[in-house]
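We name chains A, B, ... by the order of the sequence lines, and we start the count at 1 in each one.
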Amino acid sequence: MAVQAAAGTPADTVGVSLGPAAALSCRECGERTPLGPVFACEACFGPLEIAYDFPGGDTEGLRKRIEAGPDNIWRYAPLLPVPEDVAAKPNTNPGFTKLVRADRLARELGVTGSLHIKDDSGNPTHSFKDRVVAIAVEAARAFGFTTLSCSSTGNLAGAVGAAAARAGLRSCVFIPHDLEQGKVVMAAVYGGELVGIEGNYDDVNRFCSELIGDPAGEGWGFVNVNLRPYYAEGSKTLAYEICEQLGWRLPDQLVVPIASGSQLTKIDKGLKELIALGLVEDRPYRIFGAQAEGCSPVSRAFKDGHDVVRPVRPDTIAKSLAIGNPADGPYVLDIARRTGGAVEDVDDPRIVDAIKLLARTEGIFAETAGGVTVGVTKKLIEEGRLDPALTTVVLNTGDGLKTLDAVAPTTGPTAVIRPNLDSFREAGLAS
Amino acid sequence: MSVNVRIPTILRTYTGGQAEVSAEGATLSEVLADLERNHTGIGARVLDDAGKLRRFVNVYVNDDDVRFEQGLETPTPDGAGVSIIPAVAGG
Ligand SMILES: Cc1ncc(COP(=O)(O)O)c(C=O)c1O
Ligand SMILES: [Zn+2]
């Protein structure tokens, strides 16, 4: 089937060269389409994803090339849909964030194996979204888009604003009007247009989908809509980094937050690619998905044994995960079931408790999404569903400074005293 | 009952490039049948072999996801707007 460029996309986008990316292929039916700013299969509406021509053979050479690369996601450029000279272009250069060995948290949770936090709060705009946007920017340049855009629960908006500023593109991003103040400020400060929509994220998404089909959206690259196949590949770098940081070894268990389910789906894709390329030994791994109870359509479907995800209207403090209609939900279900994992959810008070637990034990301040993954990890261990003797990696995908509102009501000074020693002693603070 | 249907880019080959077409029907099911009569082939793109909405297609009647309403039996009042949209990724 021929490529049908979306209305208003530059005409001569076919034939662009994005490294090892060979074509787009439909995840549902396998139908192939040349590289372009298209995201849904003409035959079945399934999501298009990148098909690669990876260099075969020289595993050692590839490993050495990666290890010699920059300390950011571009070290994996041979495995990503980006031009060869990507590292030389202005970009936010996210990635290669810390994999923190979390022994104190492990003790508290009863984990006897090794527990690690992949801490993506260290990215340029303090969430994993910088990874996906960095790849999408390269696609936007390749296809000649002049405005970088997205529908966002907040983190993506900040990442797009920053990346567009660095790349010298115009940006215009769309968010639900009632997000956390920290995210609104971060989305606005880079100087692009920021549009609050009166509705929830799913309403924002629908609006953006209509905009790209309209002449009003001419020249617009929506990182998570018409650039989605490229964007989504950015999440694979989490899988690559985790394995490289474990000494080119697969973890036994991963706990990943779910909003649309794209990140979890692409982490699985990344792990499979490393196995296929011979960069890690093929062993079983389990992927667990984490949602907030107030927006748990995938967890619900998992528990009910369904393979379709019924949308919900979100109501949770974990706004970054508040997608009631998750596009990759069915794939998350497939992956959790195939790998022997699960999808679980926790309520808002437990999310706050988990944020504080991680901060208290490891000195890592997570945003609400990180509270969801830590909270779900705790629940899975308590229920005996996550094996405490194995190597487990838990993702913290965003920084707690973005969602101060969630913990502010229950945190503050532990004592207020007058500035003298008597007052200090009276407060019982002497060691 | 006449409604306005917004057509996503990937289905516009069936509508001669038109982004919006009108269709008749009191329910979504009837509207889709009418679309198929006037734009042969479009039905099989939106519905699967069992006649259900494909799992990666979202349909809205007046801004409401039909899965929150009555699915294919969702009423389509006169003058309603119907949108057919592929699922999109996260934010
Ligand atoms: C901090 C954070 N973690 C995780 C996610 C989930 O990503 P996905 O939509 O790919 O499931 C999101 C976003 O949407 C997010 O903002
Ligand atoms: Zn397909």
Side-chain angles (χ1 to χ4, degrees), chain A residues 4-7 28 38-47 129 132 150-157 175 199 201-206 208-210 212-215 222-225 228 231-232 258-263 307-313 320-321 323-330, chain B residues 3-21 28 32 35 39-74 80-91:
Chain A
Q4 240 240 280
E28 284 289 287
V38 285
F39 66 104
C41 172
E42 286 198 34
C44 76
F45 277 88
K129 293 294 184 185
V132 282
C150 67
S151 52
S152 176
T153 59
N155 284 319
L156 186 59
I175 56 172
Y201 175 79
D202 297 295
D203 298 316
V204 180
N205 244 346
R206 183 176 59 77
C208 291
S209 302
E210 294 192 341
I212 56 156
D214 191 275
F222 278 84
V223 300
N224 56 336
V225 187
R228 173 174 74 174
Y231 158 101
I258 301 166
S260 70
S262 174
Q263 181 186 48
D307 50 8
V308 287
V309 176
R310 222 188 132 67
V312 300
R313 295 204 163 88
S320 48
L321 305 184
I323 297 185
N325 183 14
D328 284 322
Chain B
V3 300
N4 257 330
V5 187
R6 289 192 61 82
I7 306 292
T9 324
I10 55 171
L11 292 181
R12 289 185 197 161
T13 40
Y14 301 98
T15 60
Q18 278 177 276
E20 215 167 307
V21 297
L28 178 59
L32 291 175
L35 270 182
H39 310 281
T40 311
I42 211 166
R45 290 285 171 264
V46 179
L47 302 173
D48 64 17
D49 295 339
K52 292 196 299 186
L53 283 174
R54 287 186 183 274
R55 66 176 184 164
F56 289 98
V57 72
N58 297 326
V59 180
Y60 299 83
V61 173
N62 282 341
D63 295 355
D64 290 318
D65 187 327
V66 298
R67 287 171 298 182
F68 284 120
E69 310 296 321
Q70 296 154 57
L72 286 170
E73 296 320 309
T74 304
V82 175
S83 281
I84 302 170
I85 288 174
V88 298

| task | Name the member of A:F39, A:F45, A:F222 that forms the most heavy-atom pairs with chain B at distances under 4.5 Å. | result |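 Between A:F39, A:F45, A:F222, the count favours A:F45.
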
| said: Using a 4.5 angstrom heavy-atom cutoff, name the option from A:G261, A:S262, A:S209 with the most pairs to chain B. | reply: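 So the answer, after comparing A:G261, A:S262, A:S209, is A:S209.
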
Chain B heavy atoms under 4.5 Å from [X]: which part of the residue, side chain, backbone, both or neither?
X	value
A:V223	neither
A:C208	neither
A:V204	neither
A:A40	both
A:E28	side chain

Any side-chain to backbone donor/acceptor pair from [X] onto [Y]? Under 3.5 Å, distance only.
X	Y	value
B:R55	A:V308	no
B:R54	B:A44	yes
A:S151	A:N205	no

| Considering only heavy atoms, which portion of B:L47 lies under 4.5 Å from any heavy atom of chain A: side chain, backbone, both, or neither? |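 For B:L47, there is no contact with chain A at all, as no heavy atom is under 4.5 Å.
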
| field | Option from A:N224, A:V225, A:V132 for which side-chain contact (heavy atoms from CB on, under 4.5 Å) with A:C150 holds | value |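 When A:N224, A:V225, A:V132 are each tested with A:C150, the side-chain contact (heavy atoms from CB on, under 4.5 Å) holds only for A:N224.
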
| message | Once side chain to side chain donor-acceptor pair (under 3.5 Å) is applied, do any residues pair with B:D63, and if so which ones, sequence neighbours excluded? | response |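 B:D63 satisfies side chain to side chain donor-acceptor pair (under 3.5 Å) with A:R206 only.
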
| Nearest heavy atoms of B:R67 and A:R310, plus distance in Å |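 Shortest heavy-atom separation between B:R67 and A:R310 comes out as O-NH2, 2.6 Å.
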
